[in-house]
Amino acid sequence: MQGFLDNLIRNAGHDPATWPYTQFVYLAGMAVAALIVINFAAIASGIFSWAERRVAARIQSRVGPNRVGPAGFLQWIADAVKLLLKEDLVPDEADQFLFRIAPYFMMVGFCCVFVTLPFSHSLIVADMNIGVFYIIAVTALIVVGIIMSGWSSNSKWSLFGAIRSAAQIISYEIPGGMALMIPVMLAGTMSTQGIIRAQGGLPWQWFLFDNPAAFAAFFIYFTSALAEGNRTPFDLPEAESELVSGYNTEYSGMRFSYFFLVEWGNLWVMSALAVTMFLGGWQIPGLSPERFDALTGGTAVVAEIGSLLIFALKTLFFVFVVMWLRWTLPRIRIDQMMSMCWKYLVPASFAGVLFVAVWMLIVNAAPWLGLAMRFTLTAVGALTIAMFALRVLKNIRDTGDKFDFTSNW
Amino acid sequence: MAETQAQSGRQAEGAFGAYVKNVRDSAKSFWEGMSVTLSYMFRKPITSQYPDRMSVSVNHTIPARYRGFLEVDMDICTACQACERACPIQVINIDILKGDGKLVPKLRMERFDIDIGKCMYCGLCVEPCPTGAIQHTREFEGAVMHFNNLTLRFVPDVLQPVVAYKPPKGADAFPRKQLGEITRSLIKAWDAPPPPFPSKEEAAKAEHGKPKAGALDVAAMGRQLAARALQVKEDKPKLQKVIEEAMAGTDCGDCGYPDCFGYSDAIAQGKDFSSEKCAPGGADSKAMLETILVTLKTGVVPGPGAGEVSDGSAGGHHKNMVSPEGVSPVSTEVEKPTGPPLAQTLSKDELYKVVLDAMAGTDCGDCEYADCDGYSKGIVYEGQTDLNRCAPGGEDTRVKLYEIMLGTKPPAK
Amino acid sequence: MSKPLEIPTMDMENKEVLRRIEITGDMLLNMGPQHPSTHGVINFLVQTDGEVMKRAIPEVGYLHRSLEKIGERCTYNGYMPYTDRVDYIAAMFANQGWAMAVERLLGLQVPKRAEYCRVIACELNRISSHLISVGTMAMDVGAVTPFPYALREREFINDLLEELCGARLTYNYLRIGGVAFDLPSGYEDKVSTFLDHFEKILDEFNRLITYNEIFIKRLAHLAPIPAPMAIDYCLVGPNLRASGVNFDVRKALPYSVYPEFDFDVPLGKGEVGTPGDSWDRFWCRVEEMRQSCRILRQALAQMPKDPAIMGKVPRKIKVPEGTEAYSRIESARGDMQYYVVAGSGENAHRVKIRTGSFTAMGIIDALSRGLMIADLVALIASLDVVAPEIDR
Amino acid sequence: MTFEEIQQRLAAKFGERIGALAPANKDPFLVVAAGDLVEICRFAKEDAELAFDCLMNLSSVDWPKKNQIEVVYHLWSYSKRHAFVLKVLLDRAQPQVASIESVWKSADWLEREQFDLMGVQFEGHPDLRRIMMPDDWVGNPLRKDYAEQPQWHNITTTRDNSLEGYVRLDELKKKAAEAAAAAAPKKEVLQ
């Protein structure tokens, strides 16, 4: 983004280095970028809340909101306006200052992540060379916000929710972080764009199918991302059946909408990161990044949009998977959650990192082995997906129903 | 704890074995669970979007026996109040105006309210109704502006009471309006604000309970019927007709006989002596039947003597039924018969029935007998002379016992 | 697998002591009476040290309508709608209990076809009651989807029962001496099409939740109740059979026409954990639904032709005062017992209804030592207690 | 074992303290003195022959006429599959009996319910307090002479009947009609 602003200043006839107002231009640029990104996050979380209610309804054999706007699409606007108009009361024994500031901490933690999240070939706020490290660091702010909200609501149930969520997010950052080390090692850089460029457009070029450890790392990362986003099966902090709604029980109105925004916005962040690291991000199959950079004029714009679409489709698929998981699995207990993190995920992720280190040496020595592994893993992946699809169709026939995706929307 | 026993079983497999087993089990069960939920994404959801996006309107999907709001077709309602007695929570409220059948119709209903807000739709009122006037409709949409609107008034105007329907003999099908028609018309009034209810103080000023014009004078009619009964004493069918006139004539069967004819015929044949079995007739028909019975026994129609206890308004607003505890209230008492006491005129069995009938019937055992049955047997068969032992019956029973056994007034207590 | 911690038991006589003593380090948590997972209005005074509970004292009585006092005011037939309200999720059993008690009082003989109608209505109601219990248990453990699936199947049963007796929840279908209506025409094949569909759904339900690894981890080894303890606390029904006690009133003290049907009684074997744990209670209910389907099919097949559905009942039921009757039926929540003492007039002198949920509540306090809050929620759901049945 | 055999076995153990079997017309029961109730129950539970391992039901019946409260114990044996009924007759003013919570744990809540609803004192009960009614409720609802207190913490316990409004309306209408009829006298015609 900085390069873009420098060209702008040069076209206007000044030299960015010497011109006294460059800092103001940078500031304005950052403001505009922040505006775009935060609006995207807000709208994305609104749409995801509508999408989740529709997906959940369809899974539970009911219909979901379909009255406001076409297929209920404007439902989230109605919800947002309602939340804004509702009175956001503060319980009188609550710790006034902490209670009011907690949502903003969460909001800051959530929005900072978008700085290094790519959207397409060139659409990224700032392609820092420490992108992944920055993302892992910033998500820790959300934990602070949650604990503040839980503690300051002065209700035993909120306190339970906050302490549970603190234990969960902090302990799952370790396996999540280690799992992300594997793509960094494979790509040799921590910048998100760099990692995408190190992969290719076709499935066997993705890091997911690069080696078994990377394959396992993807699932480890995905599980810990679920835990960090407080999504089922780890939604202990706001366990409806035990703590009513955990840390955000006492919130209402505008403040509650921040919690709402962070929870659903996190879906995009989680899936975008997974796609960037393991599934080749915006890479267009058959078009290598170098030729992509060389494109100019109309084809560049088309390729740009193409890469945006590919990235968005992959991310939306994973957003759907997260929602689908929520409406299938029960919730695990707090001690099981801790034992799963420390006894299962942490050892696996450490073993994965060591395996990849050794694996990279082997591949240097015998590159054909790398290729063979990639093809076998891709084949295994494709096979499981096919078997799963057959199993789904068999489920439908087993109970005597018909395949019907069109009626009763 | 029992759990450690399972735990040690796992240790035998080795920690790594348990590790792999857990991961494999989780993966397999997630696979099963996820495939089931995804399969529901591709099936038609089951819910139907009531009220406006229904494929077929909701009223047709409701089965025939559905118990919705109640509906009473006043044209075939015989005012027997069987539904009011059957309702466990007294949701149905009926006020009856009695008439002598000539100038004023015998039974008129001044008020027939059902408090739908309190009704629990149990269907117990529909079963005893002789003509099927009260039925459950299939209406269920009960949104209403104010709670008090929830009362269905089947007598629209209190000034035009509805005459009770007299079912033709042996009829088993009764013409009735289309089910739900009346209730739907009443439901339309639910959206209106409720009528302004007068405060309790204003109502008190309106002299609650003043006798109304055209009401029946029970004592006079009783004497009239008794005189006619005396003339046709031998001709049993005519006697039966006169006795039936003293009853409510609703053939509701609460007296244990199939209909009024059965009960009145039993009295005419002398098989039955009780006078309070006619529940819908209540205190009025009880008083009239007593007058007739006493006249038949003594052969003299009791004149309007000074001792007549004026019973205030006959058929006024208070519940004209026998109060539920079964203890008969101090009802209108006909003046003392002048003839010989019943003890001499009746046979032992008939006398035993009349004596038993005179008692309170609470089997309380205060008279040192096990129950009323024992005490009356004691009086009739074992010559028990102390007639003051029936505590719950109190003065009322004491007077009757003395009158039946000795034909005199009891000595002042 | 976590081993429950050994907590030094604090000696506490009663609630007032709990409130007054200054609890150092422990937190006094009021779980209820408005709490999403206490299955009705029940309050638990939970003394916890962080997540681990030391004691959970149940507080009941929020839904006490004194149905037993009403029993003394109503006529025998007039009390029938009230028995629906004893346990509105399995109302048909309460009807049958009351009807059998009064029929024992009168020494009445119920015609065969009426008995068959009663068995069909009761078994349908058992399936719908178990569906609610199984669905809410899955939701309390966190899996929301099985609940709407269970409710969807229950809707089909509600429609069937609505067609039979006119109401969806509080049926008032039975009368003293028989049933109010006969089966409507074409009812048999409606029920059998439902049964065919339902048995497939039951298998799918098992694949979705019963054998789900997280579900098993949450419920296996949770509050295992050994058989002698279950008997001592008078647990009944699925809770008792999950502890391995082979006792089902339909088999042990056969009433109505149950001896003519062949079905078996699922017992808890500790398939995934220790015998008598919460998972076994859940599994017993799922299996019982399958057995009820078998009974329904046999009942529909052997339906007697003689159309009488009502015995000879006097219009006004009067019973000599002081006569007693005791009836026991196998309700969805176990062995529901009516103790009726006849009164002088048309109503009973005393009605005592002993229900399964009431005694199941008694055991929660003893089991709750060392559990976590999430476990308490799962334990309540596994005992399938329902507030109206506890408080009556 | 049938009721008679059980009664003989108890009589063999406790001698004359066990009376004859009083046959109610359906299930016979055995009236026992309040004093030695616990002893009999313990024997019923521990004896190999009787093996009553479950207290099925514990209820109490109020007889104001006989000035008595009957506490009824229904026992059940899962192993022997037989039942038995014990009754204890208590004076109505001061109903007092020993708690059998030590013998069967299910008695804990059943006794608390009878204490709450009928006012029977069970000595030796670990936690005898009201179960259904609030702790500071006055009176025992299931007694025949129980009168409900009009309010509890100024929450009224009675609701006025919504129909009375309509009754008052009808009367006013009738009074107005009579006034009109009196003002303009005309012959009463049979409808």
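We name chains A, B, ... by the order of the sequence lines, and we start the count at 1 in each one.
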On a heavy-atom basis, which atom in [X] and which in [Y] lie closest, and how many Å separate them?
X: Arg175(C); Y: Cys122(B); result: NH2-O, 4.3 Å
X: Asn77(C); Y: Leu124(B); result: O-CD1, 3.7 Å
X: Arg65(B); Y: Leu183(C); result: NH2-C, 4.2 Å
X: Tyr149(C); Y: Val36(B); result: CE1-CG1, 4.5 Å
X: Asn212(C); Y: Ser29(B); result: CA-CB, 3.7 Å

Counting only non-hydrogen atoms closer than 4.5 Å, does [X] touch chain B with its backbone (N, CA, C, O), its side chain (CB onward), both, or neither?
X: Leu164(C); value: both
X: Arg168(C); value: neither
X: Pro275(C); value: neither
X: Arg152(C); value: side chain
X: Phe205(C); value: neither

- Message: Go through it in stages, so that I can follow the logic: the residues are Met120(B) and Tyr82(C), the test is side chain to side chain contact (heavy atoms under 4.5 Å, CB included), and I'd like the CA-CA distance, side-chain angles, deciding distance and then a yes or no.
- Response: CA-CA 10 Å; Met120(B) 58 177 171; Tyr82(C) 283 97; 4.1 Å; yes
- Message: Nearest 0.5 Å, please: how far is NZ in Lys21(B) from CD in Glu213(C)?
- Response: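 Taking CD in Glu213(C) and NZ in Lys21(B), the distance rounds to 6.5 Å.
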- Ile89(B) CD1 to Arg73(C) CZ distance, which is reported to the nearest 0.5 Å: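 It comes to 9.0 Å.
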- Message: Which one wins on heavy-atom pair count under 4.5 Å against chain B: Glu204(C), Glu155(C), Lys316(C)?
- Response: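 Counting heavy-atom pairs under 4.5 Å, the top option is Glu204(C).
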- Item | Pairs of heavy atoms under 4.5 Å with chain B: top-ranked of Phe215(C), Phe181(C), Tyr173(C) |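 Of Phe215(C), Phe181(C), Tyr173(C), Phe181(C) has the most heavy-atom pairs under 4.5 Å with chain B.
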- Task: Return yes when atom NZ of Lys118(B) has more than 12 non-hydrogen atoms of other residues, nucleotides or ligands closer than 6.0 Å, and no otherwise.
- Result: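 For Lys118(B), atom NZ is crowded (more than 12 foreign heavy atoms under 6.0 Å).
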- Query: Around Lys200(C), counting heavy atoms of other residues, nucleotides and ligands shown, do more than 12 lie under 6.0 Å from its NZ?
  - Reply: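 Buried by this count: over 12 neighbours within 6.0 Å.
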- Query: So do Asn22(B) and Lys217(C) actually touch side chain to side chain, heavy atoms under 4.5 Å?
  - Reply: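 Lys217(C) vs Asn22(B): side chains touch.
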- Check: Pro184(C) and Pro63(B) side chains under 4.5 Å, non-hydrogen atoms: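 A side-chain contact under 4.5 Å is absent here.
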- Hey, is Arg85(B) close enough to Glu346(C) for a salt bridge, meaning N to O under 4.0 Å?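 Judged by the 4.0 Å cut-off on N to carboxylate O distance, Arg85(B) and Glu346(C) do not form a salt bridge.
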- Task: Starting from the C-alpha separation in whole Å, work towards a yes-or-no answer on side chain to side chain contact (heavy atoms under 4.5 Å, CB included) for Phe30(B) and Ile214(C).
- Result: CA-CA 9 Å; Phe30(B) 288 1; Ile214(C) 297 181; 3.7 Å; yes
